[in-house]
Amino acid sequence: NRKYILLFVLLFVCATPETTIFAQVKFVPSPRLSNLRIRDIRQDSSGYLWIATAQGLNRYNGYEYALLLKDENAPQATLPSNNILRILPDRSGDLWIATSRGLCRYDPRADRIIPYPLDEKNEYHITDLASTPKGTIWMSTFRYGVYRIDAREGKPVRLDVPDDEAPQTAQAILPEGEETLWIGYSNPSALCRYATTKNQSDFFPLPNYIEINCLARFGDTQVWIGTDQGIIAYDTRTRKQTALPASLRNRPKLSGAKIYGIALNDKKEYTITSSCGAYKYTPKTDRLIRLSSEFAENSESNDITCTLEDR
């Protein structure tokens, strides 16, 4: 059995980059995590663990933590906010950092942070961050829609969804190759399949009460939608909700839980993180098992927002 690192939370809630004068990034040694409200965890190609919290970005080398906070003395060369929501290592070794007030990229070779403002919007709340196999970065935002970021271009480009009625609050995104992007919207709730090369969008209506947290592809015809009230399986052929596999339907607690993430690994297994713990689902055998840890057995809270497979 593979090992998983389980992280708990109590609550889960512009100058051109090439011409900006950058200050040195200040990582401060720390004896522990800066905050237990953990939103994301990733491992980069050098083996560092990066942990996004409500109070700063933590880096762990296996022995000790280092903390990065917003430097008020260098506003153009620091984190937009200490409230870190998502982190994403890219193929070049850089780390993309999504916060409640904007996006930036950390370049470890130059030890600098590059900000990515949105036109005149200096502050914007990011809801999700994802990349394609070729390295294109996508981000969804609260109120301002979806953006594509190319590190070489140095500027986020807003996705022009050809629908005047498209909601602007995008809660989750899921790239499928280079040509398709799935978007989960709220207010009103909708699932969108966007063809990036053709600039075409196809909207699938959802009940308005749904609060979307994450998206995952299941087979060739289904999209799984993680919500505040369990997982919804949506059949894109019939354009209707469909039944989940039996092992998931037979878990009442999971059916009504807040779903934080649904991740597919290389072995075609799904890891589901939720307000009632973390689970591993194997489609081939329709087997669902609960991932446990010494912390889960002694904790009053079963909130697990993210997992990372131990290499």
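Sequence positions, counted from 1, serve as the residue numbers for this chain. Only this structure's heavy atoms are used, side chains among them; waters, hydrogens and symmetry mates stay out.
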Asker: Decide whether Thr53 and Ser34 meet the rule of one side-chain donor and one side-chain acceptor closer than 3.5 Å.
Answerer: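 Present: a donor and an acceptor within the cut-off.
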Asker: May I ask you to decide if Asp90's main-chain N or O and Asp94's side chain share a donor-acceptor pair within less than 3.5 Å?
Answerer: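 Not at all, since once roles are kept as given, no pair shorter than 3.5 Å links the two residues.
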Asker: State the OG-CG distance between Ser92 and Leu95, to the nearest 0.5 angstrom.
Answerer: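 Here the interatomic distance stands at 10.0 Å.
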Asker: Restricting to non-hydrogen atoms, name the atom on Leu129 and the atom on Ala98 that form the minimum distance, rounded to 0.1 Å.
Answerer: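 Distance-wise, the nearest heavy atoms are CD2-CB, 4.0 Å.
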Asker: Please name the pair of heavy atoms, one in Arg290 and one in Gly277, separated by the smallest distance, quoted to 0.1 Å.
Answerer: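 Minimum heavy-atom separation between Arg290 and Gly277: NH2-CA, 3.7 Å.
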Asker: Answer yes or no: are there more than 12 heavy-atom neighbours, outside Glu179 itself, under 6.0 Å from its atom CD?
Answerer: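 Not more than 12 within 6.0 Å, no.
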Asker: At their closest point, which heavy atom of Leu288 faces which heavy atom of Ser247, and how far apart are they?
Answerer: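 Leu288 and Ser247 have their closest heavy atoms at CD2-O, 3.7 Å.
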Asker: Verify side-chain contact (heavy atoms from CB on, under 4.5 Å) between Lys258 and Glu211, making sure each step is shown before the conclusion.
Answerer: CA-CA 9 Å; Lys258 181 174 184 177; Glu211 191 70 29; over 6 Å; no
Asker: Transitively linked via ILVMFWY side-chain contacts under 4.5 Å: Leu248 with Leu291?
Answerer: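 They do not share one cluster, since no chain of ILVMFWY contacts under 4.5 Å joins Leu248 to Leu291.
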Asker: If only atom types and distance count, is the side chain of Ser46 paired as donor or acceptor with the main-chain N or O of Tyr48 below 3.5 Å?
Answerer: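 No, the answer is negative, given that no donor and acceptor are paired below the 3.5 Å cut-off.
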Asker: Is there a donor in the side chain of Arg105 and an acceptor in the side chain of Tyr116, or the other way round, less than 3.5 Å apart?
Answerer: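 Tyr116 and Arg105 do have a side-chain donor-acceptor pair below 3.5 Å.
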Asker: Atom SG in Cys192, atom CD1 in Ile173: separation rounded to 0.5 Å?
Answerer: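 That separation rounds to 12.0 Å.
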Asker: If every non-hydrogen atom of Cys104 is compared with every non-hydrogen atom of Pro80, which pair is closest and at what distance?
Answerer: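 Shortest heavy-atom separation between Cys104 and Pro80 comes out as SG-CD, 3.7 Å.
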Asker: Under the side-chain contact (heavy atoms from CB on, under 4.5 Å) criterion, do Tyr281 and Asp286 qualify, and how do the steps go?
Answerer: CA-CA 7 Å; Tyr281 175 67; Asp286 189 27; 2.9 Å; yes
Asker: Which label fits Tyr270 and Phe218: parallel for a plane angle under 30°, tilted from 30 to 60°, or perpendicular past 60°?
Answerer: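 Plane angle between 30° and 60°, so tilted.
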Asker: Would the distance check show the side chain of Thr141 and the main-chain N or O of Tyr144 forming a donor-acceptor pair, the cut-off being under 3.5 Å?
Answerer: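 Yes.
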Asker: When you group the ILVMFWY residues by side-chain heavy-atom contacts below 4.5 Å and let the links chain together, are Ile231 and Leu264 in the same group?
Answerer: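 Linked within one cluster.
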Asker: Looking only at heavy atoms, what is the nearest atom pair of Leu85 and Ile126, with distance?
Answerer: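 Reported closest heavy-atom pair: CD1-O, 3.0 Å.
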Asker: What's the shortest heavy-atom distance between Leu67 and Ser30, and which atoms?
Answerer: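 Scanning both residues completely, I find the closest heavy atoms to be CB-CB, 4.4 Å.
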Asker: In terms of relative ring orientation, are Phe27 and Tyr106 parallel, tilted or perpendicular, with 30° and 60° separating the classes?
Answerer: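 If you compare the ring of Phe27 with that of Tyr106, the planes turn out perpendicular.
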Asker: Short question: side chain of Glu178, backbone of Lys134 - any donor-acceptor pair under 3.5 Å?
Answerer: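 It does hold such a pair.
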Asker: Report the C-alpha distance between Tyr124 and Tyr147 in whole Å, list the side-chain angles of each, state the deciding distance to 0.1 Å, and finish with yes or no for ring-ring contact (aromatic ring centres under 6.0 Å, His included).
Answerer: CA-CA 12 Å; Tyr124 53 99; Tyr147 287 78; 7.1 Å; no
Asker: How far does OG of Ser255 sit from CG of Leu244, to the nearest 0.5 angstrom?
Answerer: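 That separation rounds to 7.5 Å.
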Asker: Supply the atom-to-atom distance Tyr279 OH to Thr271 OG1, rounded to the nearest 0.5 angstrom.
Answerer: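 Between atom OH of Tyr279 and atom OG1 of Thr271 there are 13.0 Å.
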Asker: Does Tyr65 have more than 12 heavy atoms from other residues, nucleotides or ligands lying within 6.0 Å of its OH?
Answerer: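 Buried by this count: over 12 neighbours within 6.0 Å.
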Asker: What distance do Arg217 atom CZ and Thr180 atom OG1 have between them, rounded to the nearest 0.5 Å?
Answerer: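 Spacing of CZ (Arg217) from OG1 (Thr180) equals 8.5 Å.
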Asker: With sequence neighbours excluded, what pairs up with Asp235 under the salt bridge (Lys or Arg N to Asp or Glu O under 4.0 Å) test?
Answerer: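 Partners of Asp235 under the salt bridge (Lys or Arg N to Asp or Glu O under 4.0 Å) test: Arg237.
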Asker: Using 30° and 60° as the class boundaries, would you call the ring planes of Phe142 and His125 parallel, tilted or perpendicular?
Answerer: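 Aromatic pair Phe142/His125 classed perpendicular.
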Asker: Is the backbone N or O of Ser189 less than 3.5 Å from a side-chain atom of Ser186, with the two atoms forming a donor-acceptor pair by type?
Answerer: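 No; zero donor-acceptor contacts below 3.5 Å.
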Asker: Are Tyr260 and Ile212 in one and the same hydrophobic cluster, where Ile, Leu, Val, Met, Phe, Trp and Tyr link if side-chain heavy atoms are under 4.5 Å apart?
Answerer: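 Looking at the clustering, Ile212 is in a separate group from Tyr260.
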Asker: Would you call Gln241 and Pro207 a side-chain contact if the rule is heavy atoms closer than 4.5 Å?
Answerer: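 SC-SC contact between Gln241 and Pro207 confirmed.
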Asker: Are any side-chain N or O atoms of Ser275 and backbone N or O atoms of Ala257, one a donor and one an acceptor, separated by less than 3.5 Å?
Answerer: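 Between the backbone of Ala257 and the side chain of Ser275 there is no qualifying donor-acceptor contact (under 3.5 Å).
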Asker: Is there a path of hydrophobic side-chain contacts, each under 4.5 Å between heavy atoms of I/L/V/M/F/W/Y residues, joining Ile84 to Leu69?
Answerer: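 No: no chain of side-chain contacts under 4.5 Å links Leu69 to Ile84.
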Asker: What residues, two or more places apart in sequence or in another chain, satisfy salt bridge (Lys or Arg N to Asp or Glu O under 4.0 Å) together with Arg249?
Answerer: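 For Arg249, no residue satisfies salt bridge (Lys or Arg N to Asp or Glu O under 4.0 Å) once neighbours in sequence are set aside.
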Asker: Nearest 0.5 angstrom please: Tyr185 OH to Thr169 OG1, how far?
Answerer: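 That separation rounds to 10.0 Å.
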Asker: Under 4.5 Å between side-chain heavy atoms, hopping through other hydrophobics if needed: is there a path connecting Leu206 to Val223?
Answerer: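 Cluster IDs for Leu206 and Val223 match.
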Asker: Between Thr273 and Thr307, does any side-chain donor sit less than 3.5 Å from a side-chain acceptor?
Answerer: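 The answer is no; no qualifying pair exists.
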Asker: Compare all side-chain heavy atoms of Leu33 with those of Ile38 and state whether any distance is below 4.5 angstrom.
Answerer: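 Yes - at least one pair of side-chain heavy atoms lies under 4.5 Å apart.
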Asker: Using a strict threshold of under 4.0 Å (side-chain N to carboxylate O), is an ion pair present between Asp202 and Arg239?
Answerer: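 Between Asp202 and Arg239 there is a salt bridge, with a charged N closer than 4.0 Å to a carboxylate O.
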Asker: Just checking Arg32: does its CZ atom have more than 12 heavy atoms from other residues, nucleotides or ligands closer to it than 6.0 angstrom?
Answerer: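 Counting neighbours around CZ of Arg32, 12 or fewer heavy atoms of other residues, nucleotides or ligands fall under 6.0 Å, so no.
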Asker: Out of Leu254, Thr227, Asp228, Ile225, which residue meets the side-chain contact (heavy atoms from CB on, under 4.5 Å) rule with Ile259?
Answerer: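 Exactly one candidate clears the test, Leu254.
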Asker: In a check of side-chain contact (heavy atoms from CB on, under 4.5 Å) between Pro175 and each of Leu181, Thr136, Ile137, Thr196, which one passes?
Answerer: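 Among Leu181, Thr136, Ile137, Thr196, the one that satisfies the side-chain contact (heavy atoms from CB on, under 4.5 Å) with Pro175 is Leu181.
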Asker: Is any side-chain heavy atom of Arg59 closer than 4.5 Å to a side-chain heavy atom of Leu68?
Answerer: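 Arg59 vs Leu68: side chains apart.
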Asker: Is the shortest side-chain heavy-atom distance between Leu88 and Met139 below 4.5 Å?
Answerer: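 Leu88 does not reach Met139 side chain to side chain.
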Asker: More than 12 non-hydrogen atoms from neighbouring residues, nucleotides or ligands closer than 6.0 Å to CZ on Arg143, yes or no?
Answerer: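 Result for CZ/Arg143: open.
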Asker: Any heavy-atom pair between the side chains of Arg86 and Asp128 that's under 4.5 Å?
Answerer: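 A side-chain contact under 4.5 Å exists here.
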Asker: Would you mind reporting whether Thr242 and Thr221 have side-chain heavy atoms less than 4.5 Å apart?
Answerer: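 Sidechains of Thr242 and Thr221: no contact.
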